[in-house]
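Structure first, commentary second.
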Amino acid sequence: MAAASYSLHCSSSGATLLGSRDQVLSFDSNSQSFRSISFSSQLHSLGLSLKVLGSKRQEDSHTLTTVVRAETVSHAMEVDQSLSPRVNSVKPSKTVAITDQATALVQAGVPVIRLAAGEPDFDTPSVIAEAGINAIREGHTRYTPNAGTMELRSAICHKLKEENGLTYTPDQILVSNGAKQSIVQAVLAVCSPGDEVLIPAPFWVSYPEMARMADATPVILQTRISEDFLLDPKFLESKLSDKSRLLILCSPSNPTGSVYPRKLLEEIAEIVARHPRLLVISDEIYEHIIYAPATHTSFASLPGMWERTLTVNGFSKAFAMTGWRLGYLAGPKHFVSACGKLQSQFTSGASSISQKAAVAALGMGYAGGETVSNMVKAFRERRDFLVKSFRELDGVKISEPQGAFYLFLDFSYYYGAEVDGFGVINGSEALCRYLLDNAQVALVPGDAFGDDTCIRISYAAALSTLQAAVERIKKCLITLRPPVPV
């Protein structure tokens with residue numbers, strides 16, 4: 001209860017209540033009555049009342065001093081609903097928003113084809129699913145160590161050695177609830193306010209927001225479709241400064257499907273080596289979804305880069321385990337321990353059932369064995385169909401993806417077109433809304449990834465679904481007439 005004290009001074013000539021800047025309660029001793037009750041009225045309007053706590057008469061005068069307190073009446077206080085500036089600086093994920101919107105339309109009976117989310121349409125391989133079921137039956141349902149079970153971390157070390165040429169010990173591995181958690185913890189662990197995080201664009205939508213959550217500044221490095229969206233080492237070097245703390249590389253890339261060749265990575269590594277503060281997060285979640293002749297190179301395997309690199313991977317994409325929520329980080333113990341400290345206060349260890357399933361996944365053979373190889377063949381067939389189909393459309397620019405399951409197409413040829421009842425298509429978001437409304441196909445606008453000229457199409461869907469989607473998209477785009485320059 002809030003309260004304020006006031007003094008009431010009385011003499012033979014009258015009384016005055018002091019303690020307020022502009023409200024006064026006066027008392028006339030002759031008429032023995034209050035002249036004004038304006039102060040009390042003001043208190044009431046503020047939810048306050050007056051209470052006399054005590055009086056004392058001075059022996060040598062006719063003055064009576066009374067202490068009065070203003071008390072709150074029981075009115076509800078308005079709740080402060082302000083948010084942290086950190087929350088206000090972070091943008092929501094457009095990928096998630098569009099996926100949720102498309103899902104809601106489907107649930108409402110609208111036949112929307114959803115090609116927004118990066119989620120394989122395959123079921124989790126049966127050997128992995130059975131391992132998860134057996135884990136429950138055998139009672140592996142309790143907390144695991146924060147960093148992950150020794151069984152899984154040892155299996156990850158073996159995988160990194162055999163497939164990536166990287167040597168780690170289990171205490172240099174941290175298992176998390178998905179690769180996304182691994183990345184954000186790494187950013188928080190190594191970045192201080194004012195540091196810069198260098199991010200090649202197009203980028204996965206979460207990278208810049210993760211930098212902002214760490215009070216760091218994202219520095220966007222634009223790439224060109226004509227150069228397959230690959231980072232120019234000279235451009236990278238021109239953007240480095242004393243504030244540069246972290247470079248994030250993703251190969252194969254989301255959203256472009258680009259794969260960095262070893263020679264280009266070596267040029268980037270030489271630049272990194274000249275900057276003592278600069279670390280690298282190598283996001284390799286799509287490493288097994290790659291199309292020959294392209295090959296995958298782990299950045300940490302390059303000369304001098306093991307000490308500089310935090311390698312992130314997981315089980316969601318290659319093993320069709322998106323809902324199992326499991327990823328991992330590998331790196332020098334100092335950095336991994338710091339990430340583990342954060343995780344111990346965020347979520348603690350990952351699901352015990354998922355970890356048992358992951359051990360089975362890593363036991364399927366090199367790069368996931370035949371099961372994963374068959375998935376990749378299906379992805380390649382879908383990619384080839386989409387590339388061929390969109391090359392038949394006027395004005396569409398294509399960089400043929402070498403990995404992952406995304407096509408990042410330049411549709412800017414159609415910008416500026418005006419559609420009756422819709423308006424002007426003035427960018428990637430407007431075109432995606434137009435296609436959702438008229439073609440009933442959900443795609444993600446390129447501006448979410450840092451390139452407004454493009455749109456991302458996920459081909460983690462059945463070929464028949466993609467064929468239907470292309471037919472709808474073509475029908476809508478053909479009706480658009482780009483403005484003719486005067």
Discussion item. Please report the interatomic distance CG(Leu249) to CD(Glu284), rounded to the nearest 0.5 Å.
Written reply: 9.5 Å
Fill in: Derivation of the side chain to side chain donor-acceptor pair (under 3.5 Å) call for Asn177 and Gln181
CA-CA 6 Å; Asn177 298 278; Gln181 183 180 1; 3.0 Å; yes
Fill in: With sequence neighbours excluded, residues passing salt bridge (charged side-chain N to carboxylate O under 4.0 Å, His left out) with Glu287
Lys159
Worksheet item: Is it the case that Arg382 places NZ or CZ above or below the six-membered ring of Phe405, under 6.0 angstrom from the centre and within 45 degrees of the axis?
Response: no
Worksheet item: Taking Ser354 for the side chain and Trp324 for the main chain, is one N or O donor matched with an acceptor at less than 3.5 Å?
Response: yes
Worksheet item: Salt bridge between Arg391 and Glu400, side-chain N to carboxylate O under 4.0 Å?
Response: yes
Item to complete: Working to the nearest 0.5 Å, report the span between CZ of Arg153 and CG of Asp171.
Response: 7.5 Å
Discussion item. Tell me which one of Leu247, Ile248, Thr217 satisfies side chain to side chain contact (heavy atoms under 4.5 Å, CB included) with Leu198.
Written reply: Leu247
Worksheet item: Taking the side chain from Ser352 and the backbone from His140, do they hold a donor-acceptor pair closer than 3.5 Å?
Response: yes
Item to complete: Could you tell me if the ring centre of Trp306 sits under 6.0 Å from that of Tyr168?
Response: yes
Worksheet item: What is the ring orientation for Phe411 with Tyr414, classed by angle as parallel under 30°, tilted 30 to 60°, or perpendicular over 60°?
Response: tilted
Fill in: From CA spacing to verdict: salt bridge (Lys or Arg N to Asp or Glu O under 4.0 Å), Glu237, Arg274
CA-CA 10 Å; Glu237 190 158 32; Arg274 294 197 288 269; 2.9 Å; yes
Worksheet entry | Any donor-acceptor N/O pair, Arg245 side chain to Val190 backbone, under 3.5 Å | yes
Discussion item. I'd like to know if the side chain of Glu196 reaches the main chain of Pro218, judged simply by a donor and an acceptor atom lying under 3.5 Å from each other, with no hydrogens or angles considered.
Written reply: no
Fill in: Distance in Å, Ser258 OG paired with Phe229 CZ, rounded so as to fall on 0.5 Å steps
6.5 Å
Practice prompt. Taking Asp195 for its side chain and Ser244 for its backbone only, find out whether a donor-acceptor pair lies under 3.5 Å.
Written response: no
Practice prompt. Measure centre to centre between the rings of Phe319 and Phe122, then say whether the value is under 6.0 Å.
Written response: no
Worksheet item: ring pair (Phe, Tyr, Trp, His ring centres under 6.0 Å) with Phe203: which residues, sequence neighbours excluded?
Response: none
Worksheet item: So, the side chain of Gln355 versus the backbone of Thr149: is there a donor-acceptor pair under 3.5 Å, distance only?
Response: yes
Worksheet item: Just by modelled atom types, is the Ala320 backbone N or O under 3.5 Å from a matching donor or acceptor in the Thr124 side chain?
Response: yes
